[in-house]
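Each remark here refers to the structure printed beneath this line.
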Amino acid sequence: MNKRLFQTAIVVGLALLLYSPHSLSAQELKPIPLLTPQMDGGRPLMQVLKDRKTSRSFSSEKLPLPVLSNMLWAGFGINRPDSGRRTAPSALNWQEIDLYIVTMDGLYLYEPKEHLLKPIRLGDVRALTGRQPFVKEAPVNLIYVADFSKMGHTASDAEKEIYAAADTGFIAQNIYLFCASEGLATGVRALIDRPTLAKAINLRSDQKIILAQSVGYPKK
Ligand SMILES: Cc1cc2nc3c(=O)[nH]c(=O)nc-3n(C[C@H](O)[C@H](O)[C@H](O)COP(=O)(O)O)c2cc1C
């Protein structure tokens, strides 16, 4: 094995170890370094658009770390490192939408600059991410949270809500297209008990839950 391959194997192995639910205890919810996104993958766009759909039935099989890494980058990663701009547009480039990731292990925040998942809290809160029963089975539920503190002082709250909803839609569609390309199931959701979820994930009053989106493999 050459040196570069060996180093890659160590990094992947370490990341998979950190991602494993069996290695966790209360003190051990650690940051998950995501893998460098593979930008040469994916099916042709027109075929992906043909297959895009909402699913409401999920296998409990976990998403492998490379898939999760690619999906988050596709959703709202940094695609122009020089300027820090992202794969989805945002009003005035505020980049106000934060992606919270809920798995059976706990709650994480996607940090696009470091391309890692920052641990927020241990424990399975998947059932709180929506009012529909399938949400507790999906291995990943994304929560789109608008941080109004990043949206300047000139826009009214009503305008901020419109921009945040639009900006979330672009990210959610990126996730839809990635999932269609990869044969994953996904569904964006508004049916959420927002006050309960906001409390569970400890949001400030100027952080607003816009939508959630479940992702996983289709149930066989
Ligand atoms: C803003 C928005 C909110 C939605 N909320 C929910 C929801 O709470 N639960 C759900 O099962 N589907 C939800 N959906 C999915 C729609 O029901 C779905 O997109 C629609 O039925 C069309 O189906 P398709 O996506 O397969 O084309 C939502 C879609 C959007 C755009």
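Remember, it's 1-based here, ligands and their atoms both numbered in the order they're listed. No experiment lies behind these values; they were computed from the predicted model shown.
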Side-chain (Ser90) to main-chain (Gln95) donor-acceptor, under 3.5 angstrom: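 Indeed, once roles are kept as given, a pair shorter than 3.5 Å links the two residues.
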Using side-chain heavy atoms (C-beta onward) and a distance below 4.5 Å, is Leu68 in contact with Val215?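 Contact flag for Leu68/Val215 side chains = no.
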Would you say that Val67 contacts Phe178 through its side chain, given a criterion of any heavy-atom pair below 4.5 Å between the two side chains?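 Sidechains of Phe178 and Val67: in contact.
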Can you pull every nitrogen or oxygen pair between ligand 1 and the protein closer than 3.5 angstrom?
unit_1, atom_1, unit_2, atom_2, d
ligand 1, 5 (N), Ala190, N, 2.9
ligand 1, 8 (O), Ala190, N, 2.9
ligand 1, 8 (O), Leu191, N, 2.8
ligand 1, 9 (N), Gln132, OE1, 2.9
ligand 1, 9 (N), Gln132, NE2, 3.4
ligand 1, 11 (O), Arg56, NE, 2.5
ligand 1, 11 (O), Gln132, NE2, 2.8
ligand 1, 12 (N), Arg56, NH2, 3.3
ligand 1, 14 (N), Val188, O, 3.2
ligand 1, 17 (O), Arg56, NH2, 3.0
ligand 1, 19 (O), Thr54, OG1, 3.2
ligand 1, 25 (O), Arg52, NH1, 3.1
ligand 1, 25 (O), Arg52, NH2, 3.3
ligand 1, 25 (O), Thr54, OG1, 2.5
ligand 1, 26 (O), Thr54, N, 2.8
ligand 1, 27 (O), Arg52, NH2, 2.7

Between Leu63 and Ile32, is there a shared hydrophobic cluster once you connect ILVMFWY residues whose side-chain heavy atoms come closer than 4.5 Å?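 Both belong to a single hydrophobic cluster.
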What orientation do Tyr110 and His115 show, parallel under 30°, tilted 30 to 60°, or perpendicular over 60°?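 Rings of Tyr110 and His115: perpendicular, as their planes differ by over 60°.
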Which residues share a ring-ring contact (aromatic ring centres under 6.0 Å, His included) with Tyr176, sequence neighbours left out: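 Scan of Tyr176 (ring-ring contact (aromatic ring centres under 6.0 Å, His included), adjacent residues dropped) gives none.
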